[in-house]
Protein chains: 2
Amino acid sequence: MSTPEKKRIRVVIAEDQEMVLGALAALLEMEGDISVVAQARDGKQALEAVRTQRPDILITDIEMPEMTGLDAANAIKGDTTRVIVVTTFARPGYLRRAMEAGASGYLLKARPARELADAVRRVHRGLRVIDPELASEAWMEADPLTDRERQVLRLASDGASTEAVAKKLNLSAGTVRNYLSEAIDKLGANNRIEAARIARSKGWL
Amino acid sequence: MSTPEKKRIRVVIAEDQEMVLGALAALLEMEGDISVVAQARDGKQALEAVRTQRPDILITDIEMPEMTGLDAANAIKGDTTRVIVVTTFARPGYLRRAMEAGASGYLLKARPARELADAVRRVHRGLRVIDPELASEAWMEADPLTDRERQVLRLASDGASTEAVAKKLNLSAGTVRNYLSEAIDKLGANNRIEAARIARSKGWL
DNA sequence: GCCTGCGCATGACAACTGTCATGGGTCAAA
DNA sequence: TTTGACCCATGACAGTTGTCATGCGCAGGC
């Protein structure tokens with residue numbers, strides 16, 4: 001082979017679905033200028049891999065066990081390794097948090113496979129890559145919920161009764177009802193179920 | 001290359017996330033004995049591809065727009081094309097429905113990437129491939145819900161009030177409450193939210 | 001220092017939800 | 001043809017949920 005043998009872009013991939021992880025790695029390895037130096041199954045593994053491999057780029061999913069990709073991104077903020085978040089979800093809250101965590105890219109799994117390698121190259125060149133679907137301002141919509149409201153809503157949306165939520169958080173039942181009521185109001189919902197659905201769809205839960 | 005050039009196993013892949021679709025295709029194309037003859041983004045496209053390409057094997061995701069992978073499997077039941085369902089979810093209801101739809105394989109995306117090609121070969125040889133995690137009898141647990149109960153629960157779990165569900169289904173509010181009550185009882189839940197969560201986790205919703 | 005936002009609480013009322021008893025109808029299988 | 005499963009309905013009751021007014025304490029911004 002007469003490959004010019006320039007230094008390849010060194011990449012670590014984090015993704016909790018083994019099959020997808022392997023497939024994405026195979027995809028990137030096919031590119032002559034990219035090398036996958038480690039594969040991680042969760043956020044913690046991703047962190048370790050970044051610390052030991054010092055890759056140019058970390059490609060990470062968001063929803064993973066142990067530690068989310070967003071938390072991992074936060075942990076390596078300021079590092080020389082740049083982060084590209086690759087996720088299923090077009091949620092404003094996710095994008096916002098990714099940006100706050102210093103990510104250089106936010107790509108949806110709904111995009112064609114070839115865009116991944118492109119994104120790697122662009123980010124390596126110092127550019128930012130935001131999925132076009134998410135690029136508009138509207139997507140940066142701020143999360144209106146307070147921490148407590150979020151906590152309460154999360155538990156309630158798992159099916160816990162007001163009473164059960166109160167016990168778990170050491171609050172009075174009335175207080176829990178107040179928080180839920182506020183959350184429902186802020187989200188323009190009619191009940192806790194709708195509120196949870198809306199919050200989740202925006203990436204606020 | 002001195003490839004013996006035997007006939008390759010002809011495969012169609014259906015998966016709604018473009019990036020994953022492309023990556024899986026790349027993964028399989030790397031195998032010398034497998035050829036991806038078409039890529040589908042939803043169940044309808046999968047059906048068309050199977051009709052026109054007459055592949056040996058259809059690899060399909062379940063949750064897709066237009067038509068689920070399970071429905072697609074049902075539609076080509078009896079065909080010479082064998083079906084391997086590849087999904088994120090270890091839900092008994094999904095496995096059961098896949099089997100009833102005549103699928104030859106049920107594989108989780110949590111499995112290593114190399115198992116996909118293995119599964120393709122085994123199924124091509126006439127074998128069945130069921131993910132080990134799903135193989136036990138317990139997973140075949142039957143869905144206790146009636147059609148109406150399922151419908152009502154689904155709508156209610158989206159946040160619709162009893163009244164709203166009743167309107168949508170042209171039922172009286174009381175009837176809806178009865179169905180929900182039965183569903184909650186059958187699933188051992190304490191309220192509609194928990195009931196929906198349980199049903200969903202089993203693949204019954 | 002004063003205001004604002006947040007956390008937490010209570011009480012009261014109205015609305016919604018879950019349960020139960022009871023009864024009607026259809027349809028398929030035994 | 002009888003039984004059983006499913007569909008649909010009503011009414012009544014208790015329990016849960018959502019709303020609102022009101023209040024206290026605490027921290028950060030101005």
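Lettering of chains follows the sequences in order, A, B, ..., and the numbering in each one begins at 1. Below, each value reflects all heavy atoms present in this structure, side chains not excepted, and no hydrogens, waters or symmetry copies.
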For this session: Could you list all the side-chain hydrogen bond (donor to acceptor under 3.5 Å, both in side chains) pairs where at least one residue sits in residues 24-38 of chain A, not counting sequence neighbours?
Result: A/Glu31-A/Arg121, A/Asp33-A/Arg121
Exercise. What residue among A/Thr146, A/Leu145, A/Asp147, A/Val176 forms side-chain contact (heavy atoms from CB on, under 4.5 Å) with A/Val152?
Worked result: A/Val176
Exercise. So, are A/Arg111 and A/Asp131 salt-bridged, with charged N and O less than 4.0 Å apart?
Worked result: yes
For this session: In whole angstrom, give the distance that lies between atom CG of B/Leu169 and atom P of D/dA9.
Result: 10 Å
Hey, can you pull the donor-acceptor pairs under 3.5 Å for the side chains in residues 162-169 of chain A, sequence neighbours left out?
{"residue": "A/Thr162", "atom": "OG1", "partner": "A/Arg192", "partner atom": "NH2", "Å": "3.0"}

Exercise. Got a sec, which pairs hit salt bridge (Lys or Arg N to Asp or Glu O under 4.0 Å) with one end in residues 58-86 of chain A, sequence neighbours left out?
Worked result: A/Lys44-A/Glu66, A/Arg51-A/Asp79, A/Arg54-A/Asp79, A/Asp61-A/Lys109, A/Glu63-A/Arg91
Seminar exercise, completed: Per-nucleotide protein contact along nucleotides 10-29 of chain D, 5' to 3', at a 4.0 Å heavy-atom cut-off (B base, S sugar-phosphate only, - neither), is B-B----BBBB---------
Give each protein N/O atom lying under 3.5 Å from an N/O atom of nucleotides 4-6 of chain C, with the pair distance.
none

Problem set entry | Selection residues 169-183 of chain B - residue pairs positive for side-chain hydrogen bond (donor to acceptor under 3.5 Å, both in side chains), sequence neighbours left out | B/Ser172-B/Thr175
Exercise. What pairs with A/Arg197 under side chain to side chain donor-acceptor pair (under 3.5 Å), at least two apart in sequence or on another chain?
Worked result: none
Exercise. Tell me: CD of B/Glu194 to C1' of C/dG18, nearest whole Å?
Worked result: 13 Å
Seminar exercise, completed: The side chain to side chain donor-acceptor pair (under 3.5 Å) partners of A/Glu48 (sequence neighbours excluded) come to none
Problem set entry | Terminal axes of the helix from C/dG1-D/dC30 to C/dA30-D/dT1 (five pairs each): angle between them, nearest 10 degrees | 40°
For this session: List the protein contact pattern of nucleotides 25-30 of chain C with one symbol per nucleotide (5' to 3'): B for base contact, S for sugar-phosphate-only contact, - for none; contact means a heavy-atom distance under 4.0 Å.
Result: ------
For this session: Using distance alone, with no hydrogens and no angle criterion, decide if B/Arg148 and B/Gln151 have a side-chain donor and acceptor under 3.5 Å apart.
Result: yes
Exercise. Taking side chain as C-beta onward, heavy atoms only, is B/Thr60 less than 4.5 Å from B/Ile84?
Worked result: no
For this session: Please name all residues satisfying side chain to side chain donor-acceptor pair (under 3.5 Å) with A/Asp185, sequence neighbours left out, ordered by chain then number.
Result: none
Seminar exercise, completed: Residue set satisfying side chain to side chain donor-acceptor pair (under 3.5 Å) with B/Gln39, at least two apart, ordered chain then number -> none
Exercise. Roughly, in whole Å, what's the span from CG in B/Leu171 to P in D/dC6?
Worked result: 17 Å
For this session: Answer yes when A/Asp118 and A/Arg122 have at least one side-chain N-carboxylate O distance shorter than 4.0 Å, and no when they do not.
Result: no
